[in-house]
Protein chains: 2
Amino acid sequence: GIKMTSFESMMEFSQFKTNDQGLIPVIVQHYKTQEILMLAYMNEESFYETIKTGKMTYFSRSRQKLWVKGETSGHFQYVKSLTIDCDLDTLLAKVDQIGAACHTGNPTCFFQPLVGIDYDETNPLRIFESVYDTIADRKEN
Amino acid sequence: GIKMTSFESMMEFSQFKTNDQGLIPVIVQHYKTQEILMLAYMNEESFYETIKTGKMTYFSRSRQKLWVKGETSGHFQYVKSLTIDCDLDTLLAKVDQIGAACHTGNPTCFFQPLVGIDYDETNPLRIFESVYDTIADRKEN
């Protein structure tokens, strides 16, 4: 079925510290795996659309218009929580991601290593996550 | 002792897509807990300083100068990995955080909820993490 959840925000968009285009960056994190999926930007309208619909809605800087994430791909992001940082200039969204977050088909936009090792591969938490997901999946299916 | 690790980047800063101030946003995530700590910005100099020293170094937009995170507080961030996103305009840094990431004393800058519940509290992964940290701590001490 279609999920639809409305939230009320504890703060208004006008209280946020936006950049000179009136935008605020949003870090998008998977609510369960804690994986970082992408960074996007919101203007006032997209913030309130996100809260009203429960679906992450951004302002596309390249197309200069409102962008409901997943509207063409079906890869919606359902809002689990929104948090703001200490100086009110960045949002953190925890989401349930349908399909791949990245337009390249990668699960996350951050798939190109620059330096260091991907600790995740050897992280016992990561292994536990993977086992947990399998168990949850088997329980459901 | 003093940790000092040099890295070589797979890409040069000049290949990144910076904003009109020549900066690129950096999402900072704890490499172990996966918690988002802060969002900060790097210019070219701070990027290469970060790689050279292994300590997260930003460009302070308020002070308009290089900022070695932790230089006054001692709350350094040691680089575990750096990743760039699909359109080369955002970095993800996984770090080992010494002390609190936030200048307010909070472990993370994202401590002000706007909407939704903090799923972390009931997340079995989070509970596992906490148990794991305790075990790791006991092994070390």
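All chains are named by letter (A, B, ...) in the order of the sequence lines, taking the proteins before the strands, and each is independently numbered beginning at 1. Note that this is a predicted model, so its numbers are computed, not measured. Atoms considered below: every heavy atom in the structure, side chains included; atoms not considered: hydrogens, waters and symmetry mates.
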Neighbourhood of chain A inside residues 11-19 of chain B, taking heavy atoms under 4.5 Å as contact: M11(B), F16(B)
Side-chain atoms of residues 38-45 of chain A: list all donor-acceptor pairs with protein atoms under 3.5 Å, sequence neighbours left out, distances to 0.1 Å.
unit_1, atom_1, unit_2, atom_2, d
N43(A), OD1, E45(A), N, 3.4
N43(A), OD1, S46(A), N, 2.9
N43(A), OD1, S46(A), OG, 2.9

Shared hydrophobic cluster, V28(A) / I84(A) (ILVMFWY, side-chain heavy atoms < 4.5 Å): yes
Heavy-atom proximity to chain B below 4.5 Å, by part of E8(A): backbone
Side-chain heavy atoms under 4.5 angstrom apart, residues restricted to Ile, Leu, Val, Met, Phe, Trp, Tyr: same cluster for I36(A) and F76(A)? no
Membership question, hydrophobic clusters at under 4.5 Å side-chain separation (ILVMFWY): are I51(B) and L88(B) in the same one? yes
Hydrophobic clustering (ILVMFWY, side-chain heavy atoms < 4.5 Å, transitive) - are L114(B) and V26(A) grouped together? yes
If Ile, Leu, Val, Met, Phe, Trp and Tyr residues are connected whenever their side-chain heavy atoms lie under 4.5 Å apart, and connections chain through other members, are M56(B) and Y48(B) in the same group? yes
Tell me, side chain or backbone of T104(A) under 4.5 Å from chain B's heavy atoms, or both, or neither? side chain
Heavy-atom closest contact (Q29(B) atom, Q29(A) atom, distance): NE2-NE2, 3.8 Å
Identify the two heavy atoms, one from F111(B) and one from C86(A), that lie closest to each other, and give their separation to 0.1 Å. CE2-CB, 3.8 Å
Please classify the contact between N106(B) and chain A as side chain, backbone, both or neither, with a heavy-atom cut-off of under 4.5 Å. neither
Inter-residue atom distance Q112(B).CD - M10(A).CE, 0.5 Å rounding: 10.5 Å
Counting heavy-atom pairs under 4.5 Å with chain B, the top scorer among T108(A), L91(A), D20(A), I27(A) is I27(A)
Between atom CG of L37(B) and atom CG of L92(A), what is the distance when rounded to the nearest 0.5 Å? 10.5 Å
Salt bridge or not for R61(B) and D87(A), using N-O below 4.0 Å? no
